[in-house]
Amino acid sequence: MTCAALLLSGSAAMPMEKTFDAPAEEARIADLWDAAGSFAMGANARPGAEAFSILLPPPNVTGSLHMGHAFNHTLMDVLTRWHRMRGHDVLWQPGLDHAGIATQMVVERELAKAGEPARRDLGRAAFIDKVWEWKAQSGGTILAQCRRLGDSFDLSRNRFTMDDGFADAVLRAFVEFYEKGLIFRGKRLVNWDPHFETAISDLEVENIEVPGHMWHFRYPLENGETYEYIERDADGAVTLRETRDYIAIATTRPETMLGDGAVAVHPSDERYAPIVGKLCEIPVGPNEHRRLIPIIVDEYPDPTFGSGAVKITGAHDFNDYGVAERNGIPKYRLMDTKARLRDDGAPYAEAAARAREIAAGAVFTDAEIDTLNLVPDELRGLGRYEARDRIVKQVTAGGLAVMTLADDPNTRPPSIAVEGRNKRKELGVWIGPDGETYVCESSDEALAEARLRHPTKDIRLPLFGEMEDGVFYEPGSDSMIWWLRLGYPLVESKPITQPFGDRSKVVIEPMLTDQWFLDAETLAKPALAAVREGRTRILPEQHEKVYYHWLENIEPWCISRQLWWGHQIPVWYGPEIDKDGFAIPGAVRAFCAASEKEALAKAQEHYGSTIEVVLPNRDENNPLREYLPPSEMGHDKQGRVTTTTLDRDPDVLDTWFSSGIWPLGTLGWPEDTDELKRFYPTSTLVTGFDILFFWVARMMMMQLELKGEVPFRDVYVHALVRDEKGKKMSKSLGNVLDPIDLIDEYGADAVRFTLASMAAMGRDLKLSKDRIAGYRNFGTKLWNAARFAEMNDCRPDPAFDPRSVTLTANRWIVGETGRLRETLDAALDAYRFNDAAGALYAHVWGKVCDWYVELAKPLFQDEASAPETRATMAWVLDQCLRMLHPFMPFITETLWAQGASRAGLLVHADWPGYGADLVDGAADAEMGWVIGLIEEIRSLRAQMHVPAGAKIPLIELGMSADQAEALERNRTLVARLARIERFETAAEAPKGSVTLSVGGAAFCLPLAEVIDIASERARLGKALEKLGKEAKGLDAKLSNAAFIAKAPEEVVDENRARLEALEEETAILAAALARLAQL
RNA sequence: GGGCGAUUAGCUCAGCGGUAGAGCGCUUCGUUCACAUCGAAGAUGCCGGCGGUUCGAAUCCGUCAUCGCCCACCA
């Protein structure tokens, strides 16, 4: 038995089922691929093949895959399978991201849910063990999900950002940046997340507009000093002139008043010119300890906004920080890591005294300033919103809120709008005889207080209409009546943009802390140049601008996080030793090294033989890591240092720092591995625009610095997957579609094809189940075409030459297949996945199933035509399987082996190389005409209500010799597909027949029994009208001299030809109408 | 406040200088031996408004309107 015969014998399989059993086959096929090592690096590569490499954006180990992943992975898998079939040297590198803050959050939540000890109680080491447990579970889930999707990455090369090798690369990158001076540590204002108690980067802050309030307060001038406050309109005319003993400020954050260092006005603001340089008082805290702060000028305040005067809190606001820096204003930190008002340090009186010394010019170090707690004792430990509440109340009660009288004294007291989270205090403000204010919950309470204060006065609450404007004397009475007036502090309700942590969803607090920063500005320059010079392409192009804009305005990147889960910063600290061998108090020396061993060596080398450097025997779990513990030192009798500990910085790196070296790290850097040589720079990065800054831009920066070469040639930026209403899928909205659920329901192929077909560049895709069902049906269609082929004994023959076929229908479909390959490759080359999917769909369903299968049926009946047609059918479907495989890998791999014995799996089959050269123009034209004829007949039959099953004659009235030959060759096809009983020839259309015109050939259908003359007349009239309209337009165009002169020749010719065809058709139909008129 | 994008059939969207398209939905008909997860036939569009460029505009340029998104320090 020959080998071929053996293979054939295996194909005498059971008859195929009517549908594809996705759940069973997907599992079976996935196993086949695994067993064959189909996705291994370089699998199916031809010798000397070009490399294609693509990195999986590592999913976070926080749970499971969502629709966005499914989309992203589908696109990558299409590219990967396509390149692999083309024989390229392919690497799709998978991996997982430890996702520091997100994972720590998830694990903490899980611990709470399971009733286990909280993170702090567990301690650092034990907690990290828990995270690793979680990672094992979650990572496994994710990879299993990828397998369901059909991801063809090389799982044997899977990397995790916290694995030893990768972690080592991360630390080495840090050391390299550090040594180049690109990483520095500094006390700066950073975005602080009070929930996670860590710094976060600018990118992790979401600015959201929320309803808020702005309060207006008076800061009294020192010693009751006064000045003329003058406001002018645009023409300089005085609109307000009054004597003031205060400066008014506006704030949305009253709680930060405690840390004010100055009040700033714009240098050009003449209203405040008289008091610039003077001192004013912060109107909170115990009266005897109130702080005075200077009124300064700075460009920052906008004279047209609020009062034009801004309170400057350098430690709690980014703008104020800048003003404070420029003007040497102290920055007083008010809050702790949970954004509660500080409860540490010396009592308020003492701190305030120090602050007064500072204001008076005493010099203090930053560290000393940081120890000052300027929170009044009674406010210490309060949450920031509670503190805000108290302060507003205090200032208002002190009569220093800018007050507005209620228009109607009998209205209900307006709430004072002190706010915490989720609560408002219903407090009213009443104004007494001296203009003093009472902040109370009821008018009776206010009245009681006022009477207590003015025991000799008759104070009353006005009843409706009782109090006249400005009159406080009751007519007809001998005594003065003092009214207690209702007022309210000037509080504007306005939307304010507040920063929220993107993970914690709590309001971010700007905090002055020590952090590590990466000099992004320096790194941005090569990253900008690489894209500008086209070394890396960003597609679609619109994203390039966004990329440029971000990199051009980049700030230092805060890379340290006060978390436990992550790469611990590779910096160790020891004391600073003076030349005599004594420790300099408070001074610290940092040693940056990629390992503890190297750090020890570096430190030992630095300190020399007189000082022994040891690692501390400290509890690593010490949860209070706000400050580094001081080194433990041993001294000799003179006090010189003899031993010292070396403490590692407890902070970890931002997750994005490690994912930032994903390209180099996964390929083995810093070693110069084979993979690096083969696959770097990677070919394509496929990613969502939401991580363009987080990830893409940073990879560009970091790779360019570390390797001096771009990390990718192309960056394909795709849009977001939304629900069918266009909403972002989110757990809270409950509109999340789980890709695995969809795969269970429709099969992975349908889900993948849907995603690919919706991947038009630069637009969000709205996913609906109907669409997926549609593509599931498409798979069934393909399945049944294959089933048809099998039932008709169509076996793929490796020796089949598509160019050798002779029958028109076969030549035609071969040509169409050639066209498809060109269209498909062009589309994939340009990342036009939707075009690629569309072309496949149109070809398989619209050409192969709708026409070729139907054309083949009569050909199978004919002994002369059957062999060639069977071979062609097998070849055509074979090509469909190959070309569909990147999109629908499971069903195509199943069909590949169905009814045919193959030497290998489809995943490694050759991608076709032919093109439109397979197109035979004559066959193409002929089939076009035949199909047109069939469609025209079918249309008329339907319009004339010919029963679907009835066979009718077709009368040929006149056609060209070519058309006659074509019809001759295709009579059986036409007869079958148009349900024609017999063909007749006549010189003229018989009575009661309907006329049709196809490409200038005239036919008619004798339908005397069914025809309705009136409706046939209407039909012809309508058709002629349409033709006439089009002809008129063409005529106008062609008689336009400018068109003839300026339009390209082929366009002119095309229009001429079309007009001619139109005229022919018009003549035929007009003649038919004329005949009808004679009846 | 800056930037980007969208506005095309009932719905979701392609097309982006030369005859308005697809899928879904809808209507009518159909148990013909691949497929009812199907087939055949059909209806539906001032391609957001207004200007301009061009022989020719859904497509290019202005502008307005509406809706999204991103970035941004107005206290």
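Worth knowing before you read on, the calculation uses all heavy atoms, side chains too, and leaves out hydrogens, waters and symmetry mates. In this text, all values refer to a predicted model and were calculated from it rather than measured experimentally. In what follows, chains carry the letters A, B, and so on, assigned in the order in which the sequence lines appear, proteins first and then strands, with residues in each chain numbered from 1.
- The P atoms of B:rA65 and B:rC50 are separated by 15 Å, rounded to the nearest whole Å.
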Which is it for A:Arg787 and A:Glu790 under the salt bridge (Lys or Arg N to Asp or Glu O under 4.0 Å) test, yes or no, and what are the steps along the way?
CA-CA 5 Å; A:Arg787 183 163 173 262; A:Glu790 194 194 44; over 6 Å; no

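- The separation between A:Ile295 atom CD1 and B:rA75 atom P is 22 Å, rounded to whole Å.
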Atom pairs under 3.5 Å: protein N/O with N/O of nucleotides 26-29 of chain B:
none

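- Nucleotides B:rC47 and B:rG10 place their P atoms 12 Å apart, quoted to the nearest Å.
- Closest to the A:Thr251 side chain, of the nucleotides B:rA75, B:rA14, B:rA72, is B:rA75.
- Smallest separation of non-hydrogen atoms from A:Ala809 and A:Leu855: CB-CD1, 4.2 Å.
- Considering all non-hydrogen atoms of both residues, A:Val265 and A:Ala309 come closest at CG1-CB, 3.9 Å.
- Of the listed residues (A:Phe693, A:Phe694, A:Trp557), just one forms a ring-ring contact (aromatic ring centres under 6.0 Å, His included) with A:Trp550, and that residue is A:Phe693.
- Comparing the P positions of B:rC38 and B:rG52 gives an interatomic distance of 50 Å, to the nearest angstrom.
- Between the OH atom of A:Tyr321 and the P atom of B:rA75 there is a distance of 21 Å, given to the nearest Å.
- Put simply, CD on A:Gln542 is 11 Å from C1' on B:rC69, counting in whole angstrom units.
- Residues from residues 545-557 of chain A that place a heavy atom under 4.0 Å from any atom of RNA chain B, listed by number: A:Lys545, A:His549.
- Separation of atoms CZ (A:Arg698) and CG (A:Leu203) is listed at 4.5 Å; rounding is to 0.5 Å.
- The CD atom of A:Gln861 lies 11.0 Å from the OG1 atom of A:Thr869; values are rounded to the nearest 0.5 Å.
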Using a cut-off of 4.0 Å between protein heavy atoms and nucleotide atoms, how would you tag nucleotides 33-41 of chain B 5' to 3' with B, S and -?
-BBSBSSSS

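- Rounded to an integer number of Å, the gap from CZ of A:Arg979 to P of B:rG30 is 14 Å.
- Look at the C1' atom in both B:rU63 and B:rC55: the space between them is 26 Å, to the nearest Å.
- Pairs passing the ring pair (Phe, Tyr, Trp, His ring centres under 6.0 Å) check and including a residue from residues 304-326 of chain A, sequence neighbours excluded, do not occur.
- Taking atom OH on A:Tyr300 and atom P on B:rC74, their separation rounds to 8 Å, with Å as the unit.
- Checked against the 6.0 Å centroid criterion, the rings of A:Tyr775 and A:Tyr841 qualify as a close aromatic pair.
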Review item, nucleotides 55-62 of chain B N/O atoms under 3.5 Å of protein N/O:
unit_1	atom_1	unit_2	atom_2	d
B:rC55	OP1	A:Lys1046	NZ	2.1
B:rC55	O2'	A:Asn1040	ND2	3.0

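- Within 4.0 Å of A:Gly308, counting heavy atoms only, lies at least one base atom of the nucleic acid.
- The salt bridge (Lys or Arg N to Asp or Glu O under 4.0 Å) test applied to A:Arg771 returns no partner, not counting sequence neighbours.
- In secondary-structure terms, RNA chain B builds stems of at least 3 consecutive Watson-Crick or G-U pairs, each pair having both distances under 3.5 Å, at B:1-7 with B:65-71, B:10-13 with B:21-24, B:26-30 with B:38-42, B:48-52 with B:60-64.
- Distance check on atom C1': B:rC74 versus B:rA6 gives 30 Å, rounded to whole Å.
- Rounded to whole Å, the P atom of B:rA34 lies 39 Å from the corresponding atom of B:rG45.
- The side chain to side chain donor-acceptor pair (under 3.5 Å) analysis of residues 297-309 of chain A, with sequence neighbours excluded, yields the pairs A:His266-A:Glu299, A:Asp298-A:Arg326, A:Asp298-A:Asn327, A:Tyr300-A:Asn319, A:Asp302-A:Thr304.
- Side-chain contact of A:Glu935 with A:Ser939: a donor-acceptor pair under 3.5 Å is absent, judged by distance alone.
- We find that CD of A:Glu1065 is positioned 13 Å from C1' of B:rU19, with the value rounded to whole Å.
- The gap from the P atom of B:rC33 to that of B:rA40 amounts to 15 Å, rounded to the nearest Å.
- Between the side chain of A:Asn792 and the backbone N or O of A:Phe788 there is at least one donor-acceptor pair closer than 3.5 Å.
- Evaluated for a ring-ring contact (aromatic ring centres under 6.0 Å, His included) with A:Phe778, the options A:Phe753, A:Trp783, A:Phe20, A:Phe887 yield exactly one hit, A:Phe753.
- With sequence neighbours excluded, the residues satisfying side chain to side chain contact (heavy atoms under 4.5 Å, CB included) with A:Lys951 are A:Arg979, A:Glu981.
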Test log, rule salt bridge (Lys or Arg N to Asp or Glu O under 4.0 Å), inputs A:Glu1025 and A:Lys1022
CA-CA 5 Å; A:Glu1025 194 187 333; A:Lys1022 208 172 151 193; over 6 Å; no

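- With sequence neighbours left out, A:Glu552 forms a salt bridge (Lys or Arg N to Asp or Glu O under 4.0 Å) with A:Arg532.
- Among the nucleotides B:rU32, B:rU19, B:rC69, the one closest to any side-chain atom of A:Glu1054 is B:rU19.
- Within the nucleic acid shown, A:Phe318 has no heavy atom closer than 4.0 Å to any nucleic acid atom.
- One P atom belongs to B:rC29, the other to B:rU66, and the distance between them is 47 Å to the nearest Å.
- Atom P of nucleotide B:rG18 and atom CZ of A:Arg1056 are separated by 20 Å, given to the nearest angstrom.
- Evaluation of the salt bridge (charged side-chain N to carboxylate O under 4.0 Å, His left out) test over residues 249-266 of chain A, restricted to residues two or more places apart or in two chains, returns A:Arg253-A:Glu255, A:Arg253-A:Glu509, A:Glu255-A:Arg388, A:Asp260-A:Lys311.
- Taking atom CG on A:Leu1038 and atom P on B:rU19, their separation rounds to 13 Å, with Å as the unit.
- Here A:Lys1037 pairs with A:Phe1043, A:Asn1055 under the side chain to side chain contact (heavy atoms under 4.5 Å, CB included) rule; sequence neighbours left out.
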